[in-house]
Structure formats: structure tokens, C-alpha cells
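Single-structure report; data block below.
Order of the sequence lines fixes the chain letters, A, B, ..., with proteins taken first and strands second; residue numbering starts at 1 for each chain. The figures here come from the full heavy-atom set of this structure, side chains too, leaving out hydrogens, waters and symmetry mates.
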Amino acid sequence: MAVRVRFAPSPTGFLHIGGVRTALFNWLFARHENGEVLLRIENTDHSREVEEAVEQIRRSLVWLGLDWDGEVAFQLDRLERHQELARGLVAEGNAYEDDGAIRFRMPDEGTTAWDDVVRGRIEFPNEKLEDLVLLRSDGRPTYNFASPADDMDDGITHVVRGEDHVSNTPKQIRILEALGAALPAYAHLPNVLGEDGRKLSKRHGAVSVEEFRAQGYLPEALMNYLALLGWSLDEKTTVIPPEELVRTFSLERVGASAATFDYAKLAWLNGVYLRSLAPEAYADRLVAYLRETGFEGDEETIRAAAPLVQEKVPKLGEFASFAGFLFARSEPDAEGLDGGRPVLAAARDALAGLEPFTAEAVEGALREAAERLGLKPRQAFAPIRLAVTGSKVSPGLFESIALLGRDETLARLELSAGSEPA
RNA sequence: GCCCCCAUCGACUAGCGGCCCAGGUCACGGCCCUUUCAAGGCCGUAGCGCGGGUUCGAAUCCCGCUGGGGGCACCA
């Protein structure tokens with residue numbers, strides 16, 4: 001039987017990084033098996049629905065590269081079907097009416113068990129299962145009824161979801177059995193915890209997919225990182241691009257213990273992907289990202305600066321703070337200039353008539369000037385960097401100067417050389 | 001309170017009885033390279049929660065404890 005899974009978020013807010021990890025595992029598993037992925041919005045609780053949430057979920061999945069088959073389904077659209085199924089259960093004596101609601105009759109002896117794909121056998125004593133509401137008194141189904149019912153109707157073969165659903169599983173199994181449905185395989189993924197060891201939530205900094213996107217993470221890096229949260233390929237492989245992930249993923253290698261989200265490792269991995277991009281591709285991505293975030297520097301300059309920052313920053317969002325000097329002047333910290341003013345004057349003289357004004361030529365001229373002043377490169381270039389880029393940290397000085405151009409460079413050198421000592 | 005799950009370096013993990021006085025990656029520390037910052041190279045610190053078993057032999061199996069997480073709605 002062909003594999004068919006579903007990702008079933010509730011539209012109560014943006015797509016959380018833990019939720020997208022669940023979506024990813026569903027997707028990787030299905031694509032690996034040449035199966036199908038369904039996207040189902042579980043909106044049986046209208047009151048908690050957040051406008052825009054569905055659009056945001058959709059956008060997040062698309063950005064990450066997680067596609068799905070068919071149309072997006074909304075649980076509430078199947079209201080009549082749910083009511084029909086509930087009536088059937090009542091007719092068969094598996095459910096009964098109670099205060100206007102329909103309740104399912106849970107067995108009160110024995111156990112309900114299943115072999116979880118990631119956790120092994122899990123058993124629940126039936127006496128702990130309470131008769132749960134299938135249909136509210138207003139006729140809307142509850143999650144624990146609608147979800148398994150839809151799984152049945154959709155022909156879901158594998159339910160891959162977060163471990164917080166473990167205790168719902170015996171209830172859903174009982175319902176499915178009463179409905180006469182074949183049971184899907186269940187795989188409960190470990191939770192994702194914040195760096196304080198608690199379950200990831202909104203108070204843990206960046207947790208929505210959109211925030212990661214805004215900070216300049218690459219979708220393939222985020223995907224790679226997320227896959228590593230609970231799954232591993234082998235004893236040594238860390239960098240695994242999307243296609244490789246699809247090729248090698250298996251539910252059997254998913255671990256059972258909760259994982260802590262580590263922003264530092266994600267940033268490192270993002271840097272790995274950024275650096276592995278061909279220069280052209282890197283520039284394309286950088287421009288697209290900057291435009292998306294409203295950065296207005298001219299494209300030609302951005303593209304020219306791209307190679308200077310590619311090796312330097314782990315997130316595209318750091319571009320502006322690192323290379324912003326190419327687009328606007330900023331006031332250098334006068335204190336840092338102290339003692340460096342003679343160097344600034346020498347640099348200005350060295351660059352004034354330099355031809356051609358290339359990085360190589362600039363380097364030669366500046367090194368020569370430093371030598372004449374009896375300064376080590378380190379000492380000589382610090383004030384120049386500060387004066388030209390406005391910062392103690394910057395891309396390569398010579399490339400930066402060549403890019404800035406002679407006029408602007410000289411202007412900045414003069415400005416700082418003539419400024420008052422602190 | 002009751003039920004379920006989990007437990008290897010600070011973090012993610014490999015390990016499915018001998019190959020492990022535990023391997024990889026991030027982070028951290030040192031050195032090298034170096035115009036800053038990165039990147040890169042080399043080296044290093046650091047872990048099987050505790051107690052019982054089983055076995056010739058346990059990180060690996062079993063039990064208990066402790067710790068952590070999740071769940072007990074006419075929420076999803």
C-alpha cells in the first residue's frame with residue numbers, strides 16, 4: 001500500500017518551529033517512500049482560529065520547500081460526514097447521547113496498545129480512558145473524533161506527529177476500531193525544547209518560520225538543522241542537503257528523547273550552506289533577501305559586495321551591519337582614531353593618485369605607506385579601516401576601499417584625519 | 001493526584017552485549033594562518049544520572065530510584 005501521511009496544524013497562530021519540524025518529518029518520510037502528503041487544517045474549534053494563520057502556515061511550508069498533494073483540506077468542511085459517522089456509532093451502541101452531545105463508549109477493562117514506530121510498544125489501561133465527546137452539543141466534532149475520522153476517510157497510512165499526542169492515541173485507536181477502519185501506523189516524534197530545557201514556546205526568541213526567514217537563514221539550512229533534531233543519518237554526517245535528506249530519511253532512525261533547539265548550531269550550519277553557494281547564486285539570494293526585508297541599496301553594489309561578505313557572515317541578516325558602509329557614511333568612533341591621524345593622511349596621499357584603483361594596487365600602496373611610517377600592518381590598517389568603514393570590523397580593507405571608490409574613500413579619510421581628537 | 005513517555009560530553013547525536021578506558025558535529029579553550037572579523041588547519045577540555053540484577057562480559061538487556069517531558073476539556 002502506498003504511503004500517505006498528513007500534516008494537520010490548527011490555525012491558532014503562526015507555524016511554530018516545532019510544528020514545522022513535524023511537517024518536515026512527515027514530508028521526508030512520504031517523499032522518501034514516494035507517498036503522498038496531505039495538508040489538513042484542524043479547525044473544529046472556530047473560536048480559537050486566528051485570521052491569516054492559514055496563509056502564514058502555507059507560506060512557511062512553501063518557503064521551506066515542503067509541498068503537499070491536493071488541495072488544503074479544512075476539517076470543518078466535513079461536518080456532515082462527521083455527524084453521519086457519529087450517528088452510526090450511536091446506532092451501533094458504541095456511542096450515546098449525553099446533554100446534547102454525543103459521547104463515545106470507551107471500554108473499561110483490558111488495555112489498548114500499539115507498536116509506535118519510534119517508541120516501540122505503548123500500552124494504556126482502558127480504565128483510564130474516559131468516554132469522550134465526539135460531537136459537541138452544537139453538532140461540531142471534537143478533535144479526537146474528527147482527526148481519526150478524517151485519517152480513515154483520507155486513507156492515512158502513517159500518523160506522524162508530536163509526542164504530545166501519545167495519550168490521544170489509544171482514544172483514537174478505539175474510535176477507529178469502532179468505525180471499522182484499518183489502523184494507521186503511529187510515529188510519535190520527540191518534543192523540541194527551548195534552550196532553557198522547557199518545551200519550545202513563543203517566549204524562546206525566534207520560533208516562527210517567518211522569523212528565521214527574516215533573519216536570513218536559508219530554507220535548506222533550516223531544513224537540515226531541523227532534520228537533525230531527533231533524527232540522524234549515521235555516526236558522522238551533519239551536512240545533509242534536502243535531496244539527500246529525502247533519499248536517506250527513515251522513521252526508524254528517529255530517536256525517542258526530546259531535543260533542545262540550538263541557535264548556535266543552526267547559525268553554523270547556515271554559514272556552511274551560505275559559503276557553499278556559487279558566487280552568482282549567493283549574490284542572487286542576497287539581493288532577493290535584502291529586497292524582501294526592505295533594504296534599498298543599489299543592486300550593483302550589493303552584488304559587488306557579495307563576495308566580500310560570503311565568507312564572513314553566517315546569516316544574510318548581518319549584511320547591513322557588516323557592509324552597510326558601502327551604502328552610507330557613518331560616524332567613526334573618534335576615540336579609535338586617536339594616534340592614527342598621521343596614518344590617515346599618509347593613506348590619503350598614497351591613494352590620491354593611485355592608478356588603477358584596484359584592491360591589489362590599494363594594498364600595495366597602503367603597505368608601502370605603512371612601512372614608510374615604520375608601522376606594522378596591524379597598527380596602520382586599524383585607523384584606516386575605522387575611518388573608511390566606520391567600524392573596527394569589516395570585510396577585507398583593500399577590497400572594501402576599491403569598491404567604495406577613490407572619491408568616497410579620500411573624502412572619508414580626510415574627514416577623519418581632520419576631526420578633533422577625543 | 002492519576003496515566004504515558006524519555007534519560008550518552010554544555011547542545012545535537014552514533015552506539016542496537018565483546019569492535020567503546022565511548023565516535024562525529026556545534027559550542028568552549030589553545031596554537032597556526034592573518035589588515036579587523038570570519039573562514040580554514042592542528043590540538044585539547046568534556047559524557048554513558050544512581051542503585052540493584054542478568055551475563056564469562058553491559059553505555060547497550062531487566063527491575064527500582066531519581067530527574068526531565070507530555071497528557072488527563074463539549075482545546076487542538
Side-chain angles (χ1 to χ4, degrees), chain A residues 8-12 41-45 47-49 75 98-103 116 118-120 122-125 127-130 132-147 161-171 188 190-193 195 197-199 225 227-239 252-253 255-269 271-272 274-275 308-314 318 322 363 366-367 370 375-386 389 391-401:
Chain A
S10 66
T12 51
I41 305 297
E42 309 222 311
N43 61 339
T44 56
D45 185 8
S47 63
R48 297 207 309 158
E49 202 164 331
Q75 203 150 52
D98 171 41
D99 279 338
I102 303 290
R103 264 183 205 279
D116 199 276
V118 336
R119 276 148 216 281
I122 299 179
E123 298 187 357
F124 277 81
E127 57 175 327
K128 298 297 173 189
L129 303 180
E130 297 192 337
L132 58 86
V133 171
L134 264 24
L135 248 37
R136 301 166 164 100
S137 43
D138 67 1
R140 283 153 49 234
T142 58
Y143 161 78
N144 269 313
F145 178 50
S147 190
R161 66 206 337 185
E163 72 170 299
D164 42 327
H165 285 289
V166 168
S167 58
N168 288 324
T169 305
K171 304 171 191 170
H188 288 95
N191 273 154
V192 178
L193 273 23
E195 287 179 321
R198 306 175 60 159
K199 195 180 174 203
Y225 178 73
L228 260 18
L229 240 37
W231 174 85
S232 65
L233 174 57
D234 53 32
E235 67 287 339
K236 57 176 183 293
T237 314
T238 302
V239 180
E252 281 67 33
R253 287 195 63 84
S257 53
T260 304
F261 197 94
D262 183 357
Y263 291 88
K265 187 161 181 175
L266 203 215
W268 167 79
L269 199 50
V272 169
L274 246 19
R275 274 175 255 120
L308 305 194
V309 302
Q310 186 171 9
E311 293 285 317
K312 308 279 190 175
V313 306
E318 288 164 36
F322 198 67
E363 176 166 8
L366 254 26
R367 284 192 187 281
L375 291 172
K376 290 195 156 114
R378 196 176 292 272
Q379 302 169 302
F381 299 152
I384 298 176
R385 164 174 282 107
L386 224 203
T389 72
S391 168
K392 287 196 272 195
V393 177
S394 79
L397 218 211
F398 319 122
E399 292 80 359
S400 295
I401 287 176

pi-stack flag for A:His165 and B:A76, centroid dist under 5.5 Å, interplanar under 30°: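 One would call A:His165 stacked on the B:A76 base.
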Mutual orientation of the aromatic rings belonging to A:Tyr143 and A:His165 [parallel < 30°, tilted 30-60°, perpendicular > 60°]: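 Because their plane-to-plane angle lies in the 30° to 60° range, the rings of A:Tyr143 and A:His165 count as tilted.
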With a 4.0 Å limit, can you tell me whether [X] has a side-chain N or O closer than that to the phosphate oxygens OP1/OP2 of [N]?
{"X": "A:Arg253", "N": "B:G15", "value": "yes"}
{"X": "A:Arg378", "N": "B:U36", "value": "yes"}
{"X": "A:Arg275", "N": "B:A38", "value": "no"}
{"X": "A:Thr142", "N": "B:C74", "value": "no"}

Contact class for [X] (heavy atom, under 4.0 Å): base, sugar-phosphate, or nothing?
{"X": "A:Glu42", "answer": "sugar-phosphate"}
{"X": "A:Pro395", "answer": "base"}
{"X": "A:Phe322", "answer": "base"}

Atom pair distance, as rounded to whole Å: CD in A:Glu49 and P in B:C75: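 One finds 15 Å between P of B:C75 and CD of A:Glu49, rounded.
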Under-3.5 Å donor-acceptor pair between A:Lys265 side chain and B:U13 base: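 Donor-acceptor pair under 3.5 Å: no.
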Any donor-acceptor N/O pair under 3.5 Å between B:A27 base and A:Asp262 side chain: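 There is none.
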A:Asp138 and A:Arg136 ion-paired at < 4.0 Å: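 No, this pair does not count.
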Check: A:Arg385 side chain, A:Ser391 main-chain N or O, donor-acceptor pair, under 3.5 Å: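 No; zero donor-acceptor contacts below 3.5 Å.
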A:Phe398 and A:Phe381 aromatic centres sub-6.0 Å: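 Yes, the ring of A:Phe398 comes within the 6.0 Å limit of the ring of A:Phe381, centre to centre.
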Among B:A39, B:U13, B:A76, the one nearest A:Glu311 by side-chain distance: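 Side chain of A:Glu311 sits closest to B:A39.
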Between the protein and nucleotides 3-9 of chain B, list the N/O to N/O atom pairs that are separated by less than 3.5 angstrom.
unit_1	atom_1	unit_2	atom_2	d
B:C5	O2'	A:Arg119	NH1	2.4

With A:Val239 via side-chain contact (heavy atoms from CB on, under 4.5 Å) - residues at least two apart: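 Here the qualifying residues are A:Asn224, A:Trp268, A:Leu269, A:Val272, A:Tyr273.
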Pairing partner of B:A14 (Watson-Crick or G-U wobble, both distances under 3.5 Å):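 Partner of B:A14: none found under 3.5 Å.
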Paired nucleotide for B:C72 [Watson-Crick or G-U wobble; both distances under 3.5 Å]: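 For B:C72, the partner nucleotide comes out as B:G1, under the 3.5 Å rule.
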